[in-house]
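Hydrogens, waters and symmetry mates are skipped; everything else that's a heavy atom, side chains included, is used. Throughout, protein chains are lettered first and strands after them, A, B, ... in sequence-line order, and every chain is numbered starting at 1.
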Protein chains: 2
Amino acid sequence: MQTQRQRELIEAAIHLTATEGIQKLTIRNVAAAIGVSEAAVYRHFESKHALLQAILEHLNTLLAPRFMLLLKQTDTPLAALKIFLDDLFSLLEHNAAFTLMLFAEETFNVDAELRPELMGLLEGNLSHLSSFYASIMEKGLCRTDLRPEQLALITFGTIRLTVSRWHLQKNENSLHAQLDALCNSLQTLFELQ
Amino acid sequence: MQTQRQRELIEAAIHLTATEGIQKLTIRNVAAAIGVSEAAVYRHFESKHALLQAILEHLNTLLAPRFMLLLKQTDTPLAALKIFLDDLFSLLEHNAAFTLMLFAEETFNVDAELRPELMGLLEGNLSHLSSFYASIMEKGLCRTDLRPEQLALITFGTIRLTVSRWHLQKNENSLHAQLDALCNSLQTLFELQ
DNA sequence: CTGATGTAAGTTAACGATGACTAACGTACA
DNA sequence: TGTACGTTAGTCATCGTTAACTTACATCAG
(Lines give C-alpha, C1' and ligand atoms only; values in the text may rest on other atoms or scores of the structure.)
Protein backbone atom coordinates (compact mmCIF):
# COMPACT_ATOMS: atom_id res chain seq x y z
CA MET A 1 0.00 0.00 0.00
CA GLN A 2 1.27 3.46 -0.87
CA THR A 3 1.42 6.34 1.55
CA GLN A 4 0.41 9.88 0.67
CA ARG A 5 4.05 10.98 0.57
CA GLN A 6 5.01 8.13 -1.75
CA ARG A 7 2.27 9.12 -4.15
CA GLU A 8 3.50 12.73 -4.06
CA LEU A 9 7.02 11.61 -4.85
CA ILE A 10 5.89 9.39 -7.69
CA GLU A 11 3.83 12.14 -9.24
CA ALA A 12 6.64 14.67 -8.92
CA ALA A 13 9.05 12.20 -10.48
CA ILE A 14 6.72 11.50 -13.38
CA HIS A 15 6.18 15.19 -14.00
CA LEU A 16 9.90 15.83 -13.89
CA THR A 17 10.70 13.02 -16.30
CA ALA A 18 7.93 13.88 -18.73
CA THR A 19 8.83 17.55 -18.92
CA GLU A 20 12.61 17.57 -18.52
CA GLY A 21 13.69 14.12 -19.58
CA ILE A 22 15.01 11.09 -17.77
CA GLN A 23 18.42 12.62 -17.11
CA LYS A 24 16.76 15.18 -14.85
CA LEU A 25 15.12 12.49 -12.78
CA THR A 26 17.49 12.65 -9.83
CA ILE A 27 16.75 12.24 -6.15
CA ARG A 28 17.84 15.84 -5.67
CA ASN A 29 15.33 17.16 -8.17
CA VAL A 30 12.47 15.01 -6.96
CA ALA A 31 13.14 16.10 -3.39
CA ALA A 32 13.27 19.75 -4.42
CA ALA A 33 10.03 19.38 -6.34
CA ILE A 34 8.08 18.52 -3.21
CA GLY A 35 10.20 20.78 -1.00
CA VAL A 36 12.10 18.35 1.17
CA SER A 37 15.72 17.32 1.49
CA GLU A 38 17.30 14.51 -0.48
CA ALA A 39 17.66 12.36 2.58
CA ALA A 40 13.94 12.61 3.25
CA VAL A 41 13.22 10.76 0.00
CA TYR A 42 14.96 7.72 1.45
CA ARG A 43 12.43 7.62 4.27
CA HIS A 44 9.86 6.64 1.63
CA PHE A 45 11.82 4.69 -0.96
CA GLU A 46 14.78 2.60 -0.03
CA SER A 47 16.60 3.38 -3.28
CA LYS A 48 16.20 5.15 -6.57
CA HIS A 49 15.49 1.78 -8.13
CA ALA A 50 12.51 1.31 -5.83
CA LEU A 51 11.21 4.72 -6.86
CA LEU A 52 11.54 3.82 -10.54
CA GLN A 53 9.63 0.61 -9.96
CA ALA A 54 6.87 2.50 -8.22
CA ILE A 55 6.69 4.95 -11.13
CA LEU A 56 6.24 2.13 -13.62
CA GLU A 57 3.55 0.57 -11.49
CA HIS A 58 1.77 3.89 -11.33
CA LEU A 59 2.03 4.40 -15.09
CA ASN A 60 0.38 1.05 -15.59
CA THR A 61 -2.54 2.01 -13.38
CA LEU A 62 -3.00 5.12 -15.52
CA LEU A 63 -3.01 3.35 -18.86
CA ALA A 64 -4.86 0.13 -18.14
CA PRO A 65 -8.30 1.71 -17.53
CA ARG A 66 -8.07 3.49 -20.90
CA PHE A 67 -7.74 0.16 -22.62
CA MET A 68 -10.61 -1.23 -20.60
CA LEU A 69 -12.71 1.58 -21.98
CA LEU A 70 -11.73 0.45 -25.44
CA LEU A 71 -12.73 -3.13 -24.75
CA LYS A 72 -16.06 -2.34 -23.13
CA GLN A 73 -17.51 -0.48 -26.12
CA THR A 74 -19.47 -3.24 -27.77
CA ASP A 75 -22.05 -1.58 -29.99
CA THR A 76 -19.84 0.42 -32.37
CA PRO A 77 -16.31 -0.93 -31.84
CA LEU A 78 -14.63 0.82 -34.72
CA ALA A 79 -15.92 4.16 -33.51
CA ALA A 80 -14.62 3.16 -30.10
CA LEU A 81 -11.09 3.18 -31.53
CA LYS A 82 -11.59 6.77 -32.57
CA ILE A 83 -12.92 7.62 -29.13
CA PHE A 84 -10.03 5.81 -27.48
CA LEU A 85 -7.44 7.66 -29.54
CA ASP A 86 -9.26 10.94 -29.04
CA ASP A 87 -9.15 10.46 -25.30
CA LEU A 88 -5.52 9.33 -25.37
CA PHE A 89 -4.33 12.21 -27.51
CA SER A 90 -6.17 14.73 -25.35
CA LEU A 91 -4.36 13.40 -22.33
CA LEU A 92 -1.05 13.48 -24.13
CA GLU A 93 -1.60 17.03 -25.29
CA HIS A 94 -2.54 18.47 -21.92
CA ASN A 95 -0.57 16.43 -19.45
CA ALA A 96 3.03 15.61 -20.19
CA ALA A 97 2.88 12.84 -17.61
CA PHE A 98 0.79 10.74 -19.91
CA THR A 99 3.34 10.71 -22.67
CA LEU A 100 5.51 8.63 -20.39
CA MET A 101 2.89 5.91 -20.41
CA LEU A 102 3.39 5.19 -24.06
CA PHE A 103 7.16 5.25 -23.99
CA ALA A 104 8.01 3.80 -20.62
CA GLU A 105 10.29 1.13 -22.06
CA GLU A 106 12.23 3.67 -24.05
CA THR A 107 12.51 6.17 -21.23
CA PHE A 108 13.35 3.83 -18.37
CA ASN A 109 15.84 1.77 -20.29
CA VAL A 110 18.44 3.47 -18.09
CA ASP A 111 18.07 0.89 -15.35
CA ALA A 112 18.81 -2.60 -16.68
CA GLU A 113 17.13 -4.24 -13.68
CA LEU A 114 13.82 -2.79 -14.80
CA ARG A 115 13.65 -4.85 -17.96
CA PRO A 116 10.99 -7.31 -16.76
CA GLU A 117 8.67 -4.51 -15.68
CA LEU A 118 9.20 -2.70 -18.97
CA MET A 119 8.44 -5.82 -20.96
CA GLY A 120 5.32 -6.35 -18.91
CA LEU A 121 4.09 -2.85 -19.67
CA LEU A 122 4.64 -3.10 -23.42
CA GLU A 123 3.21 -6.57 -23.73
CA GLY A 124 0.22 -5.50 -21.66
CA ASN A 125 -0.54 -2.64 -24.00
CA LEU A 126 -0.17 -4.80 -27.07
CA SER A 127 -2.31 -7.57 -25.71
CA HIS A 128 -5.11 -5.16 -24.85
CA LEU A 129 -5.09 -3.93 -28.41
CA SER A 130 -4.97 -7.50 -29.71
CA SER A 131 -8.02 -8.41 -27.66
CA PHE A 132 -9.82 -5.45 -29.10
CA TYR A 133 -9.13 -6.48 -32.66
CA ALA A 134 -9.90 -10.13 -31.96
CA SER A 135 -13.29 -9.18 -30.57
CA ILE A 136 -14.30 -7.01 -33.51
CA MET A 137 -13.08 -9.66 -35.90
CA GLU A 138 -15.50 -12.06 -34.26
CA LYS A 139 -18.29 -9.58 -34.80
CA GLY A 140 -17.38 -9.40 -38.46
CA LEU A 141 -16.50 -5.71 -38.31
CA CYS A 142 -12.88 -6.00 -39.35
CA ARG A 143 -10.83 -7.81 -41.95
CA THR A 144 -9.67 -11.21 -40.75
CA ASP A 145 -6.85 -11.92 -43.18
CA LEU A 146 -4.33 -10.55 -40.69
CA ARG A 147 -3.84 -11.76 -37.15
CA PRO A 148 -5.08 -9.45 -34.38
CA GLU A 149 -1.53 -9.25 -32.97
CA GLN A 150 -0.34 -7.79 -36.25
CA LEU A 151 -3.06 -5.16 -36.26
CA ALA A 152 -2.17 -4.31 -32.67
CA LEU A 153 1.49 -3.93 -33.57
CA ILE A 154 0.68 -1.69 -36.50
CA THR A 155 -1.71 0.42 -34.46
CA PHE A 156 0.55 0.90 -31.48
CA GLY A 157 3.66 1.43 -33.60
CA THR A 158 1.99 4.13 -35.64
CA ILE A 159 0.56 5.85 -32.57
CA ARG A 160 3.98 5.94 -30.97
CA LEU A 161 5.77 7.27 -34.00
CA THR A 162 3.13 9.95 -34.42
CA VAL A 163 3.58 11.05 -30.83
CA SER A 164 7.39 10.83 -30.98
CA ARG A 165 7.41 13.08 -33.97
CA TRP A 166 5.04 15.52 -32.41
CA HIS A 167 7.31 15.74 -29.39
CA LEU A 168 10.36 16.32 -31.51
CA GLN A 169 8.59 19.14 -33.28
CA LYS A 170 8.22 20.79 -29.87
CA ASN A 171 4.45 20.39 -30.12
CA GLU A 172 4.29 22.81 -33.03
CA ASN A 173 1.28 21.22 -34.63
CA SER A 174 -1.67 20.06 -32.64
CA LEU A 175 -1.61 16.36 -32.00
CA HIS A 176 -5.28 16.20 -32.86
CA ALA A 177 -4.60 17.49 -36.33
CA GLN A 178 -2.71 14.28 -36.97
CA LEU A 179 -5.21 12.15 -35.12
CA ASP A 180 -7.85 12.42 -37.82
CA ALA A 181 -5.44 11.27 -40.50
CA LEU A 182 -4.28 8.41 -38.29
CA CYS A 183 -7.80 7.22 -37.43
CA ASN A 184 -8.86 7.47 -41.02
CA SER A 185 -5.87 5.44 -42.17
CA LEU A 186 -6.39 2.68 -39.64
CA GLN A 187 -10.11 2.42 -40.35
CA THR A 188 -9.57 2.37 -44.10
CA LEU A 189 -6.91 -0.30 -43.82
CA PHE A 190 -8.64 -2.51 -41.32
CA GLU A 191 -12.27 -2.39 -42.52
CA LEU A 192 -13.86 -5.32 -44.26
CA GLN A 193 -12.78 -5.65 -47.86
CA MET B 1 36.73 16.25 -43.36
CA GLN B 2 37.17 13.54 -40.74
CA THR B 3 40.50 12.18 -39.62
CA GLN B 4 41.17 8.48 -39.04
CA ARG B 5 41.15 8.96 -35.29
CA GLN B 6 37.83 10.80 -35.38
CA ARG B 7 36.29 7.94 -37.31
CA GLU B 8 37.65 5.46 -34.76
CA LEU B 9 36.16 7.47 -31.94
CA ILE B 10 32.80 7.75 -33.65
CA GLU B 11 32.65 4.04 -34.30
CA ALA B 12 33.68 3.18 -30.76
CA ALA B 13 31.04 5.56 -29.44
CA ILE B 14 28.34 4.05 -31.62
CA HIS B 15 29.27 0.53 -30.59
CA LEU B 16 29.27 1.52 -26.95
CA THR B 17 25.88 3.20 -27.15
CA ALA B 18 24.26 0.43 -29.14
CA THR B 19 25.45 -2.34 -26.84
CA GLU B 20 25.45 -0.70 -23.42
CA GLY B 21 22.99 2.18 -23.74
CA ILE B 22 23.33 5.91 -23.89
CA GLN B 23 24.19 6.27 -20.22
CA LYS B 24 27.42 4.40 -20.85
CA LEU B 25 28.43 6.79 -23.59
CA THR B 26 30.98 8.76 -21.58
CA ILE B 27 34.24 10.27 -22.70
CA ARG B 28 36.02 7.92 -20.30
CA ASN B 29 34.49 4.84 -21.87
CA VAL B 30 35.03 5.96 -25.43
CA ALA B 31 38.65 6.73 -24.65
CA ALA B 32 39.12 3.35 -23.01
CA ALA B 33 37.53 1.62 -25.99
CA ILE B 34 40.26 2.80 -28.32
CA GLY B 35 42.95 2.62 -25.65
CA VAL B 36 43.80 6.27 -25.05
CA SER B 37 43.30 8.66 -22.17
CA GLU B 38 40.27 10.87 -21.73
CA ALA B 39 42.22 13.99 -22.49
CA ALA B 40 43.27 12.55 -25.84
CA VAL B 41 39.64 12.54 -26.97
CA TYR B 42 39.62 16.30 -26.70
CA ARG B 43 42.41 16.50 -29.25
CA HIS B 44 39.86 15.26 -31.79
CA PHE B 45 36.53 16.61 -30.59
CA GLU B 46 36.26 19.90 -28.80
CA SER B 47 33.41 18.68 -26.59
CA LYS B 48 31.12 15.77 -26.01
CA HIS B 49 28.45 17.65 -27.89
CA ALA B 50 30.66 17.78 -30.97
CA LEU B 51 31.19 14.03 -30.72
CA LEU B 52 27.44 13.44 -30.50
CA GLN B 53 26.89 15.58 -33.57
CA ALA B 54 29.49 13.61 -35.48
CA ILE B 55 27.82 10.36 -34.45
CA LEU B 56 24.47 11.52 -35.78
CA GLU B 57 26.04 12.60 -39.03
CA HIS B 58 27.69 9.20 -39.34
CA LEU B 59 24.43 7.38 -38.63
CA ASN B 60 22.82 9.31 -41.43
CA THR B 61 25.50 8.23 -43.88
CA LEU B 62 24.82 4.63 -42.88
CA LEU B 63 21.08 4.72 -43.33
CA ALA B 64 20.62 6.94 -46.36
CA PRO B 65 22.13 4.53 -48.93
CA ARG B 66 19.78 1.79 -47.74
CA PHE B 67 16.85 3.96 -48.62
CA MET B 68 18.40 4.80 -51.97
CA LEU B 69 18.49 1.09 -52.67
CA LEU B 70 14.79 0.98 -51.91
CA LEU B 71 14.04 3.80 -54.32
CA LYS B 72 16.17 2.50 -57.17
CA GLN B 73 14.33 -0.82 -57.51
CA THR B 74 11.91 -0.01 -60.28
CA ASP B 75 10.79 -3.30 -61.78
CA THR B 76 9.19 -5.02 -58.78
CA PRO B 77 8.83 -2.30 -56.16
CA LEU B 78 6.71 -4.22 -53.69
CA ALA B 79 9.26 -7.02 -53.61
CA ALA B 80 11.86 -4.31 -53.08
CA LEU B 81 10.24 -3.47 -49.77
CA LYS B 82 10.76 -7.05 -48.67
CA ILE B 83 14.37 -6.91 -49.81
CA PHE B 84 14.88 -3.60 -48.06
CA LEU B 85 13.48 -4.91 -44.78
CA ASP B 86 15.40 -8.13 -45.14
CA ASP B 87 18.64 -6.21 -45.55
CA LEU B 88 17.78 -3.85 -42.70
CA PHE B 89 16.84 -6.61 -40.27
CA SER B 90 20.00 -8.55 -41.10
CA LEU B 91 22.05 -5.52 -40.25
CA LEU B 92 20.12 -4.98 -37.04
CA GLU B 93 20.53 -8.58 -36.02
CA HIS B 94 24.27 -8.80 -36.57
CA ASN B 95 25.51 -5.33 -35.81
CA ALA B 96 24.15 -3.52 -32.80
CA ALA B 97 25.42 -0.26 -34.26
CA PHE B 98 22.66 -0.27 -36.82
CA THR B 99 19.89 -0.34 -34.27
CA LEU B 100 20.93 3.15 -33.32
CA MET B 101 20.08 4.35 -36.80
CA LEU B 102 16.41 3.66 -36.33
CA PHE B 103 16.14 5.15 -32.87
CA ALA B 104 18.55 8.04 -32.97
CA GLU B 105 15.96 10.56 -31.83
CA GLU B 106 14.97 8.45 -28.87
CA THR B 107 18.50 7.63 -27.85
CA PHE B 108 20.13 11.02 -28.24
CA ASN B 109 17.33 12.95 -26.64
CA VAL B 110 19.75 13.46 -23.75
CA ASP B 111 21.28 16.54 -25.33
CA ALA B 112 18.61 19.17 -25.95
CA GLU B 113 20.84 21.06 -28.38
CA LEU B 114 20.71 18.11 -30.73
CA ARG B 115 17.02 18.47 -31.45
CA PRO B 116 17.39 19.91 -34.97
CA GLU B 117 19.71 17.12 -36.05
CA LEU B 118 17.38 14.51 -34.58
CA MET B 119 14.39 15.99 -36.37
CA GLY B 120 16.33 16.01 -39.59
CA LEU B 121 17.17 12.33 -39.27
CA LEU B 122 13.61 11.24 -38.56
CA GLU B 123 12.05 13.42 -41.22
CA GLY B 124 14.66 12.19 -43.70
CA ASN B 125 13.76 8.57 -43.05
CA LEU B 126 10.06 9.27 -43.33
CA SER B 127 10.41 11.25 -46.51
CA HIS B 128 12.42 8.48 -48.17
CA LEU B 129 9.67 6.05 -47.39
CA SER B 130 7.04 8.50 -48.59
CA SER B 131 8.83 8.88 -51.91
CA PHE B 132 8.90 5.14 -52.24
CA TYR B 133 5.17 4.81 -51.75
CA ALA B 134 4.43 7.80 -53.97
CA SER B 135 6.40 6.22 -56.80
CA ILE B 136 4.68 2.85 -56.61
CA MET B 137 1.32 4.56 -56.38
CA GLU B 138 2.09 6.23 -59.68
CA LYS B 139 2.85 2.84 -61.18
CA GLY B 140 -0.51 1.57 -59.98
CA LEU B 141 1.05 -1.04 -57.71
CA CYS B 142 -0.37 0.22 -54.43
CA ARG B 143 -3.65 1.48 -53.11
CA THR B 144 -4.04 5.22 -53.50
CA ASP B 145 -6.82 5.95 -51.05
CA LEU B 146 -4.26 6.84 -48.39
CA ARG B 147 -1.56 9.47 -48.70
CA PRO B 148 2.01 8.18 -49.11
CA GLU B 149 3.03 10.00 -45.91
CA GLN B 150 0.51 7.96 -43.98
CA LEU B 151 1.81 4.70 -45.40
CA ALA B 152 5.34 5.80 -44.54
CA LEU B 153 4.33 6.59 -40.97
CA ILE B 154 2.62 3.23 -40.58
CA THR B 155 5.56 1.36 -42.07
CA PHE B 156 8.25 3.07 -40.05
CA GLY B 157 6.23 3.02 -36.85
CA THR B 158 5.61 -0.69 -37.11
CA ILE B 159 9.23 -1.44 -37.96
CA ARG B 160 10.39 0.50 -34.94
CA LEU B 161 7.99 -1.11 -32.53
CA THR B 162 8.93 -4.54 -33.82
CA VAL B 163 12.61 -3.83 -33.25
CA SER B 164 12.01 -2.18 -29.86
CA ARG B 165 10.16 -5.22 -28.69
CA TRP B 166 12.80 -7.57 -30.01
CA HIS B 167 15.42 -5.62 -28.07
CA LEU B 168 13.41 -5.74 -24.90
CA GLN B 169 13.09 -9.49 -25.20
CA LYS B 170 16.88 -9.65 -25.15
CA ASN B 171 16.88 -10.91 -28.74
CA GLU B 172 15.17 -14.12 -27.67
CA ASN B 173 13.37 -14.67 -30.92
CA SER B 174 15.02 -14.09 -34.24
CA LEU B 175 14.14 -10.75 -35.74
CA HIS B 176 13.65 -12.42 -39.09
CA ALA B 177 10.92 -14.61 -37.69
CA GLN B 178 8.89 -11.46 -37.18
CA LEU B 179 9.97 -9.96 -40.46
CA ASP B 180 7.88 -12.31 -42.54
CA ALA B 181 4.76 -11.50 -40.59
CA LEU B 182 5.51 -7.80 -40.87
CA CYS B 183 6.16 -7.88 -44.63
CA ASN B 184 3.09 -9.93 -45.21
CA SER B 185 0.93 -7.54 -43.21
CA LEU B 186 2.20 -4.46 -45.00
CA GLN B 187 1.82 -6.00 -48.43
CA THR B 188 -1.66 -7.26 -47.68
CA LEU B 189 -2.74 -3.91 -46.34
CA PHE B 190 -1.18 -1.77 -49.03
CA GLU B 191 -1.86 -3.79 -52.19
CA LEU B 192 -4.46 -2.71 -54.67
CA GLN B 193 -7.99 -3.49 -53.55
C1' DC C 1 -3.56 13.68 33.82
C1' DT C 2 1.41 13.09 33.53
C1' DG C 3 5.43 11.62 31.85
C1' DA C 4 8.32 8.06 29.56
C1' DT C 5 9.21 5.81 25.32
C1' DG C 6 9.02 4.41 20.51
C1' DT C 7 8.52 5.66 15.88
C1' DA C 8 7.75 8.31 11.58
C1' DA C 9 9.65 11.88 9.08
C1' DG C 10 12.35 15.54 8.69
C1' DT C 11 17.14 17.96 8.90
C1' DT C 12 22.45 18.96 7.85
C1' DA C 13 26.55 17.43 6.30
C1' DA C 14 29.05 14.57 4.65
C1' DC C 15 30.89 10.13 1.59
C1' DG C 16 32.89 7.98 -2.58
C1' DA C 17 32.12 7.56 -7.64
C1' DT C 18 31.81 9.50 -11.65
C1' DG C 19 30.67 13.06 -15.05
C1' DA C 20 32.85 16.75 -18.57
C1' DC C 21 36.65 19.17 -19.10
C1' DT C 22 41.58 21.47 -18.72
C1' DA C 23 46.50 22.76 -17.66
C1' DA C 24 51.04 21.42 -17.96
C1' DC C 25 54.07 18.58 -19.71
C1' DG C 26 56.41 14.82 -22.96
C1' DT C 27 57.70 13.09 -27.42
C1' DA C 28 58.01 11.89 -32.30
C1' DC C 29 58.68 13.61 -36.52
C1' DA C 30 58.21 16.82 -40.87
C1' DT D 1 61.83 23.97 -34.34
C1' DG D 2 57.15 23.72 -34.26
C1' DT D 3 53.07 20.98 -34.62
C1' DA D 4 50.27 16.84 -33.84
C1' DC D 5 49.15 13.79 -30.43
C1' DG D 6 49.70 11.70 -26.46
C1' DT D 7 50.28 11.66 -21.14
C1' DT D 8 49.35 12.63 -15.83
C1' DA D 9 46.97 14.84 -12.62
C1' DG D 10 44.08 17.54 -11.48
C1' DT D 11 39.37 20.96 -11.31
C1' DC D 12 34.56 21.34 -10.26
C1' DA D 13 29.85 19.69 -10.45
C1' DT D 14 26.66 16.26 -9.53
C1' DC D 15 25.26 11.66 -8.71
C1' DG D 16 23.17 8.04 -5.20
C1' DT D 17 23.53 7.13 -0.62
C1' DT D 18 24.32 7.32 4.46
C1' DA D 19 25.32 8.83 9.37
C1' DA D 20 23.93 11.51 13.08
C1' DC D 21 20.83 14.23 14.98
C1' DT D 22 16.10 16.70 15.75
C1' DT D 23 11.21 17.11 16.08
C1' DA D 24 6.30 15.82 16.32
C1' DC D 25 3.22 12.74 17.83
C1' DA D 26 0.87 8.42 19.36
C1' DT D 27 0.76 5.05 22.99
C1' DC D 28 0.57 3.54 27.47
C1' DA D 29 2.04 2.78 32.58
C1' DG D 30 1.60 4.91 36.95
Side-chain angles (χ1 to χ4, degrees), chain A residues 1-58 100 107-115 117-118, chain B residues 1-58 100 107-115 117-118:
Chain A
M1 195 45 55
Q2 281 174 3
T3 66
Q4 173 63 26
R5 252 310 192 234
Q6 283 179 318
R7 233 167 299 136
E8 276 181 68
L9 284 165
I10 290 168
E11 271 158 30
I14 288 179
H15 185 256
L16 205 56
T17 310
T19 53
E20 311 254 14
I22 187 71
Q23 79 277 15
K24 292 287 181 60
L25 179 56
T26 64
I27 299 292
R28 240 184 273 283
N29 290 344
V30 175
I34 67 162
V36 297
S37 68
E38 279 181 80
V41 175
Y42 287 89
R43 294 279 171 220
H44 305 280
F45 291 101
E46 71 172 349
S47 64
K48 185 179 182 182
H49 179 77
L51 174 59
L52 293 177
Q53 274 186 316
I55 291 171
L56 289 183
E57 204 184 310
H58 187 69
L100 267 196
T107 309
F108 291 91
N109 232 336
V110 188
D111 183 344
E113 313 276 319
L114 248 34
R115 189 185 284 270
E117 279 89 346
L118 297 177
Chain B
M1 193 47 54
Q2 280 174 4
T3 67
Q4 173 63 25
R5 253 307 192 237
Q6 283 178 317
R7 232 166 301 137
E8 278 180 67
L9 284 165
I10 290 167
E11 271 158 30
I14 288 178
H15 185 255
L16 204 58
T17 310
T19 53
E20 311 255 13
I22 186 69
Q23 79 277 15
K24 291 286 180 64
L25 178 55
T26 65
I27 299 294
R28 236 186 276 280
N29 290 345
V30 175
I34 67 163
V36 298
S37 67
E38 275 182 82
V41 175
Y42 288 90
R43 294 273 173 227
H44 305 281
F45 291 101
E46 71 171 347
S47 65
K48 185 178 183 184
H49 179 77
L51 174 60
L52 292 177
Q53 273 185 317
I55 291 172
L56 289 183
E57 203 185 312
H58 186 71
L100 267 196
T107 309
F108 292 91
N109 231 335
V110 188
D111 183 344
E113 313 276 319
L114 248 34
R115 189 184 285 270
E117 280 89 344
L118 297 177

Could you run through nucleotides 15-28 of chain C and give me one letter per nucleotide, 5' to 3': B if any protein heavy atom sits under 4.0 Å from the base, S if only the sugar-phosphate is that close, - if neither?
---SBBBBBBB---
Residues B:I27, B:Y42; criterion side-chain contact (heavy atoms from CB on, under 4.5 Å); working and verdict:
CA-CA 9 Å; B:I27 299 294; B:Y42 288 90; 3.5 Å; yes
Rounded distance (Å) that lies between atom C1' of D:dC5 and atom CD of B:E8
13 Å
Which of A:L56, A:I22, A:I14 passes side-chain contact (heavy atoms from CB on, under 4.5 Å) with A:L100? It is A:I14
Short side-chain N/O contact from A:S37 to OP1 or OP2 of C:dT11, under 4.0 Å:
yes
Can you give me the closest heavy-atom contact between B:K24 and B:L16, atom names plus distance?
O-CD2, 3.5 Å
Closest non-hydrogen atom pair, A:V110 against A:T107:
CG2-O, 3.6 Å
Stepwise side-chain contact (heavy atoms from CB on, under 4.5 Å) test for B:Q53 and B:E113:
CA-CA 10 Å; B:Q53 273 185 317; B:E113 313 276 319; over 6 Å; no
Can you name the side chain to side chain donor-acceptor pair (under 3.5 Å) partners of B:D111, sequence neighbours left out?
B:H49
For the student: nearest non-hydrogen atoms of B:F108 and B:L118, plus distance:
O-CD1, 3.7 Å
With A:F45 as reference, evaluate A:V30, A:L9, A:L52 under the side-chain contact (heavy atoms from CB on, under 4.5 Å) test and give the passing residue.
A:L9
Quantified as the angle between the terminal helix axes (five pairs each), what is the overall bend of the helix from C:dC1-D:dG30 to C:dA30-D:dT1 to 10 degrees?
10°
Nucleotide D:dC15, atom P - distance to CG of A:D111 in whole Å
17 Å
When rounded to whole Å, the CZ to C1' distance for the pair A:F45 and D:dT18 reads 19 Å
